[in-house]
Protein chains: 2
Amino acid sequence: MRTENEDREDRIINAARKLIVHYGYDKTTVDEIAQEAGISKGAVYLHFDKKEAIFEAVFIHALKNYADKWMDLIEHDPKGGTIGGMYKNMLFALKDSPFMVAVFKQDRRVLGNYMKRPDNIFKGESFKGTRFETVKLFQEAGVVRQDLDPMIAAHIMNMLAYGLVAMDEVMETDEIPPTEAVIEGIADFMDRAMTPPNGGDSNAGKAILRKMIGSSLEKLS
Amino acid sequence: MRTENEDREDRIINAARKLIVHYGYDKTTVDEIAQEAGISKGAVYLHFDKKEAIFEAVFIHALKNYADKWMDLIEHDPKGGTIGGMYKNMLFALKDSPFMVAVFKQDRRVLGNYMKRPDNIFKGESFKGTRFETVKLFQEAGVVRQDLDPMIAAHIMNMLAYGLVAMDEVMETDEIPPTEAVIEGIADFMDRAMTPPNGGDSNAGKAILRKMIGSSLEKLS
DNA sequence: ATTTGACTAAATAAGTATAATTGGTCAAAA
DNA sequence: TTTTGACCAATTATACTTATTTAGTCAAAT
């Protein structure tokens, strides 16, 4: 069952996430986080020993939510196991999490001085290079064309994900088409460019993703 | 024939470009530009009335070079008129011009305070929205699939171009595959995703590009 | 007729002293 | 036992002064 303590820890994390997304890490004070969570600053330090630990908890939470949501979208999408389908659902899951978007963009305004820590959580192994693995596994399962450099394909996918969330830095917002339409367009491109002639087996893809995302989620909890 | 004056103006522009790319607009002084060009500062002001005018001349020059190079690559490429071909050549032309890359990225480090001018040259009509027009014309000529929102397709192309030059801001350079390979990969993606079943007529595409780039070049000289 | 470089006003940077804020602690209250 | 908020050292912001640099000019040299 859910303890009072866990509940309060969640309140701290949610308060922190909300404030960090809005004001950025540097301009969010521990006092404000405590207030937003409805407790005193001292109580915050009963849960986390440093401000940075709060940030890291926010990240773990957001990453978990993102993975959960992604997995959920995949399971409910018949085409969730094709390359375009899995990518589309990933982008849909990503775009609804401003915190994860900030992390993906390495947004200095939001991440602030946390990024200056030499041992920050993003430097760890657990959080990168997964796209390449996915493409390779998809190829082995025949969901992605064999004649395709997985390195390049993964990189193009990264570029498109980055473009989706970062394009507003270089274009006026009103010149950018609606995000939903762009995501659908990207998925269509991916399917046409990466799926083998026979179409590819969506269920095989789903099995891979369940395994991959599942094991990632395990590491987090 | 080429006058002594034109030659010196070119030297100023090249010196300025080199210094601006390296040190950025703000940290490049008119004195240094004059030195690099082998003349005195006063002489610089016989050619340009303000520092900003030098910058704008550098931009016009770089844009012209870029368009020339692009057109040249297209003419010498049998597939230069397909969507993937034209895009590939555009990216090859772009990647060799650090100044144009900085402009495309709106790189604040390089562009500096010049961007703060309310009437800066990039705000002008002549320099944006061309990708959308290209896609539409390609569609009319049957070089690009009809069932494809040109707005979305153009935006995806912009995202990929941006990703190509900006991805190093979010990834370690040594994790990024070689630019040539990425460009080839992108071109392959574009062809597979955007070309109609019949393959598309490369020459029709070339004719459009000749017209478009040609008229752009006219405006510049 | 050209070109220069010393010159100036304006902008930018560097330094400094002071005030306000903030992360983290801990004795006391609940 | 659990939670608080006053408290402090340390960081960060502010206001101000001084020093340096730089864009642009122009009388003098070439």
Side-chain angles (χ1 to χ4, degrees), chain A residues 2-13 15-20 22-59 108-121, chain B residues 2-13 15-20 22-59 108-121:
Chain A
R2 188 158 192 74
T3 68
E4 167 71 21
N5 231 296
E6 284 170 342
D7 190 61
R8 196 169 40 229
E9 193 157 308
D10 273 3
R11 287 214 313 282
I12 296 170
I13 291 170
R17 196 202 57 245
K18 201 187 290 186
L19 292 166
I20 289 170
H22 197 110
Y23 298 105
Y25 178 79
D26 294 349
K27 288 198 187 295
T28 297
T29 70
V30 178
D31 236 329
E32 286 169 332
I33 294 171
Q35 272 193 298
E36 181 76 23
I39 54 173
S40 73
K41 187 167 63 159
V44 170
Y45 281 90
L46 298 172
H47 293 269
F48 304 98
D49 62 335
K50 320 157 135 222
K51 192 187 180 187
E52 285 139 19
I54 308 176
F55 181 93
E56 283 159 12
V58 169
F59 170 65
R108 297 167 69 83
R109 218 216 77 235
V110 173
L111 275 30
N113 283 325
Y114 177 79
M115 287 304 286
K116 290 184 186 148
R117 281 187 62 89
D119 56 340
N120 78 59
I121 198 168
Chain B
R2 186 156 192 79
T3 67
E4 167 70 22
N5 231 293
E6 285 171 340
D7 191 59
R8 196 169 39 227
E9 193 158 309
D10 274 2
R11 286 214 315 281
I12 296 171
I13 291 169
R17 195 201 57 246
K18 200 187 292 186
L19 292 167
I20 289 171
H22 196 110
Y23 297 105
Y25 178 79
D26 294 349
K27 290 200 185 293
T28 297
T29 71
V30 178
D31 238 329
E32 287 168 332
I33 294 170
Q35 273 192 295
E36 180 76 24
I39 55 173
S40 74
K41 187 166 63 161
V44 170
Y45 281 91
L46 298 171
H47 292 270
F48 304 99
D49 61 335
K50 319 156 134 223
K51 190 187 179 187
E52 284 139 19
I54 308 175
F55 180 93
E56 281 158 13
V58 169
F59 170 64
R108 299 167 69 84
R109 218 217 76 235
V110 173
L111 273 30
N113 283 324
Y114 176 81
M115 287 303 286
K116 291 186 184 148
R117 282 186 60 89
D119 57 339
N120 78 58
I121 199 168

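Only a predicted model underlies this, so the values are computations on that prediction, with no experimental measurement involved.
- Between B/F55 and B/N120 the shortest side-chain heavy-atom distance does not fall below 4.5 Å.
- Taking only side-chain atoms of B/T29, from C-beta outward, the nucleotide of D/dT12, D/dT4, D/dA23 with the closest atom is D/dA23.
- Closest of all the heavy-atom pairs between B/G24 and B/T28 is O-OG1, 2.8 Å.
- Rounded to whole Å, atom P of D/dA10 lies 18 Å from atom NZ of A/K51.
- Proximity of a side-chain donor or acceptor of A/K51 to a complementary backbone N or O of A/Y25 within less than 3.5 Å is detected.
- For B/L46, taking side-chain heavy atoms from C-beta onward, the closest of the listed nucleotides C/dT4, C/dG23, C/dT12 is C/dT4.
- A distance-only check finds a donor-acceptor pair linking the side chain of A/R11 to the backbone of A/A37 [under 3.5 Å].
- Taking atom OH on A/Y25 and atom C1' on C/dT22, their separation rounds to 12 Å, with Å as the unit.
- Checking C/dT3, D/dT25, D/dG5 against the side-chain heavy atoms of A/S40 singles out D/dG5 as nearest.
- For C/dT2, the OP1/OP2 oxygens have no side-chain nitrogen or oxygen of B/R8 closer than 4.0 Å.
- Rounded to a whole Å, the CD1 atom of A/I33 is 13 Å from the C1' atom of C/dG24.
- For A/E52 and C/dG24, the CD to P distance is 7 Å, given to the nearest whole Å.
- Counting heavy-atom neighbours within 6.0 Å of B/Y23 OH, excluding the residue itself, gives a total of 12 or less.
- Atom NZ of B/K50 is separated from atom C1' of C/dA9 by 16 Å (rounded to the nearest Å).
- If you take CG of B/L19 and P of D/dA23, they are 12 Å apart, rounded to a whole angstrom.
- As a whole-Å value, the separation of B/Y114 OH from D/dT22 P is 21 Å.
- Between A/D31 atom CG and C/dG23 atom P there is a gap of 8 Å when expressed in whole angstrom units.
- If you check distances only, the side chain of B/K41 does reach the base of D/dA23 with a donor-acceptor pair under 3.5 Å.
- When each of A/T28 and B/G38 is assigned the nucleotide of DNA chain C bearing its nearest heavy atom, the one mapping closer to the 5' terminus is B/G38.
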